Protein chains: 2
Amino acid sequence: MTTGADSTAAALPRSTALDDAAARRRVSMADVAKRAGVSAQTVSRVSNGFPGVVEETRQAVLQAMSELGYRPNSAARALKRGEFRSIGVILFTLSTTGNMRTLEGIAASASEAGYAITLIPVSAPTQIGVRSAFTRLDELAVDAVIVIMEVHLLDSSMFALPPGVHVVVVDSDAGDRYAVVDTDQADGARQAVEHLLGLGHRTVHHLAGPEGSFAAERRAKAWRETLEASGREVPEPLRGDWSGESGYRAGLELADDPSCTAVFCANDQMALGVYRALRERGRRVPEDVSIVGFDDIPDATAFDPPLTTVHQDFAEVGRRCVEQALEQVRGGASRPGSTLVPTHLVERASTAAPPR
Amino acid sequence: MTTGADSTAAALPRSTALDDAAARRRVSMADVAKRAGVSAQTVSRVSNGFPGVVEETRQAVLQAMSELGYRPNSAARALKRGEFRSIGVILFTLSTTGNMRTLEGIAASASEAGYAITLIPVSAPTQIGVRSAFTRLDELAVDAVIVIMEVHLLDSSMFALPPGVHVVVVDSDAGDRYAVVDTDQADGARQAVEHLLGLGHRTVHHLAGPEGSFAAERRAKAWRETLEASGREVPEPLRGDWSGESGYRAGLELADDPSCTAVFCANDQMALGVYRALRERGRRVPEDVSIVGFDDIPDATAFDPPLTTVHQDFAEVGRRCVEQALEQVRGGASRPGSTLVPTHLVERASTAAPPR
DNA sequence: GCTTTCGATGTTTGCGTGAACATAAGACCA
DNA sequence: TGGTCTTATGTTCACGCAAACATCGAAAGC
């Protein structure tokens, strides 16, 4: 860039050079003020909609603004106000329905509250990846951070958390240390299992999510406890990695077990894989085997048969996250504690009474 | 968190009231400078890794920084430097594989280049929604904007685009006005159709995306042209809205048409719905009807049968977007023109020769 | 021994805003 | 008519940082 010469010229009231400089440099309040024949402060007042500016002046300023194409400089604003009006979101992947939807909810609520969202991607779900994301926070213009991630990855990094940055965590059990928002996964799992037991199944098999996932753990735990509470036998759970592929592999095992009449899958995608495996083995859903999923992805209605699954209100999760974050920003204090968003079972066509 | 008091106490060995005030304020370079016994400028040099600071001094500054928990104030930095090091992304929904993946790609590339991503959600895919998103741009700290959206919604709003903001558009035909990045959808559609014709199908039916979608139009157009180029009959295309539900409804029609032996679906989710409709009507995939999708969503391998589909490299799209955006930021000029990312057909098990 | 040079560090300044304070010009009342 | 409010507008300054320039001390060259 070689604007140096121009800006120097701008200091001197000259003709062409000045125009050039003004064109190159961004329009500031001072430019608008000069054009409108008022002081910069008056421009500021108009810009912020403050009272005490007579209508005539206001119009003159407004006109000068639009003529010059004035945009307030948010850096200067942030510097002056000491806040950025932006919330950072740290996450590893958008590839799961939950994360994606939660992010959407966050984005919607934040923009409604006049806050921007700054995405902080984590390159890899490792301590190093997470740590580097948090390091990047140092130079990021955010007032609060929402972490969508298994918090056990964070433990050691969290100590490096810059003070003054408020944190809300999703999908974690760190309610003792941070503000946590999540869906009531345990209750969702309970509803799923009880629904199947209510249909007459002797017990319910479980295709769990990967190890190390709190979501998977919570769902598995609630499944087990619900069975135990009813005095049912608890079959050995299978494990997938959330993918349809892994569901298919697990489904093959399940299909070979004639005692298996009901499966609670930890997410919908794995359920899709299970469908395929069962069909391949000649077992019908729901006549021979009932399936319940978790998430209620949009495609669940297009599954064949449409999937009975546990619906999670991710938009609400996002909303609460922002709510918590802003509360902290405004209150200045961190407030540990959990917020649970209710889940509910959506009954479609993949469950039925067991075969006799 | 109330650790502030400690660090302040160290900086200013004075009374409580003062400590409190300083604790509330963020640590600035001046604080670090005082603590380390150097000038603020030296702190700045260390902070930016500039040369000309003797190792001993550097260490002292570094130590003072960490003792005080110093974080550079990015607002002040942006104000001084005249750039934000942030790219805005305007999009309506994350709910489609493409948008989500593209966003991921953008986020990854941007953070690699030292840029942050600011999400600018559009509340509704209407002129008003889009316009308000662009208006919000005024107060947003971004150097460039990537628009992931059907550009025909933008037309009139674009005139209000603040000067000095560079734009890259995804999924659009506005290559004459803006820098556009997209996958080579026409070629993908061509490959899909030719694959089916190559298997011996007389013609290929098409389940198109919604009206007004450029992606849908492009795919439909290429489908038609490929058929025409081979001198095949062009059946009336059906229309869905990208959802599995709409695919199911269209599939029902398709199933009733005995002449239909091959369907090219404009996306994978609709293909899933078609699967279900065909199965309900007793038509097998691929023995009776071959299906090809578009997108290659992760679940495509878990479909039953695994779906043959057109793969799009969204990560690459995101990468190119950032590349284009940064080029504009650095070059200062807007550069219209299209960048096409190749697509390719992934053959799985949903296609076969037609029944005889 | 005296300047010259250069490397390390300090001082000044201004980026664009908006809070706080200052001023000017009427309006109103006694 | 003089004084007191009120209202509209202007001035000053600081936010935190870093570019530009200034200074200082020591090593190098004569």
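Quick caveat, the model's predicted, so the values are computed rather than measured. In what follows, chains carry the letters A, B, and so on, assigned in the order in which the sequence lines appear, proteins first and then strands, with residues in each chain numbered from 1.
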TODO: Check whether any side-chain N or O of A/N99 sits under 3.5 Å from a backbone N or O of A/L94 as a donor-acceptor pair, and report yes or no.
DONE: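 Such a contact is absent between A/N99 side chain and A/L94 backbone.
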Write down the distance between [atom1] ([X]) and [atom2] ([N]), rounded to a whole number of angstrom.
| X | N | atom1 | atom2 | result |
| --- | --- | --- | --- | --- |
| B/R77 | C/dT17 | CZ | P | 21 Å |
| B/Y70 | D/dA18 | OH | C1' | 10 Å |
| B/E83 | D/dA18 | CD | C1' | 13 Å |
| A/E56 | D/dA8 | CD | P | 12 Å |
| B/F50 | C/dG10 | CZ | C1' | 17 Å |
| B/R71 | D/dC17 | CZ | P | 11 Å |
| A/L79 | C/dA19 | CG | C1' | 13 Å |
| A/D31 | C/dG16 | CG | P | 8 Å |

Phosphate OP1/OP2 of [N] contacted by [X] side-chain N/O (<4.0 Å):
| X | N | value |
| --- | --- | --- |
| B/S47 | D/dC17 | no |
| B/T57 | C/dT9 | yes |
| A/R81 | C/dT17 | no |

Task: Heavy atoms of other groups near B/Q59 CD, more than 12 under 6.0 Å - done: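 Yes, enclosed.
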Open item on the list: Tell me whether A/E56 at atom CD has more than 12 heavy atoms from other residues, nucleotides or ligands lying less than 6.0 Å away.
Closed with: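 Not buried by this count: 12 neighbours or fewer within 6.0 Å.
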TODO: Have a look at B/V43 and say if it touches a base, only the backbone sugar-phosphate, or nothing, with a 4.0 Å heavy-atom cut-off.
DONE: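 The answer is nothing, as B/V43 stays clear of every strand by at least 4.0 Å.
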Task: Full working for side chain to side chain donor-acceptor pair (under 3.5 Å) between B/T57 and B/R45 - done: CA-CA 11 Å; B/T57 313; B/R45 283 193 265 259; over 6 Å; no
Task: Pairwise 5' ranking along DNA chain D for A/A40 and A/G52, keeping only the more 5' one - done: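 The residue closer to the strand's 5' end, by nearest nucleotide, is A/G52.
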Open item on the list: Closest-nucleotide mapping onto DNA chain D: is B/Q41 or A/T42 further toward the 5' terminus? I mean the 5' end.
Closed with: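 It is A/T42 whose nearest nucleotide is closer to the 5' end.
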Quick one: which of [options] gets closest to the side chain of [X]?
| X | options | value |
| --- | --- | --- |
| B/R45 | D/dG10, D/dG16, C/dG10 | C/dG10 |
| B/S28 | D/dG16, C/dT17, C/dT9 | D/dG16 |
| B/V54 | D/dT9, D/dC17, C/dA8 | C/dA8 |
| B/M29 | D/dT11, D/dC17, D/dG16 | D/dC17 |
| A/N73 | D/dC17, C/dG16, C/dG18 | C/dG16 |

TODO: Assign each of B/G37 and B/K80 to its nearest nucleotide of DNA chain C by heavy atoms, then name whichever residue's nucleotide is nearer the 5' end.
DONE: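 Comparing both residues, the 5'-ward one is B/G37.
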- [ ] Run the salt-bridge test on B/E323 and B/R320 with the 4.0 Å N-O cut-off and return the result as yes or no.
- [x]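 Salt bridge absent between B/E323 and B/R320.
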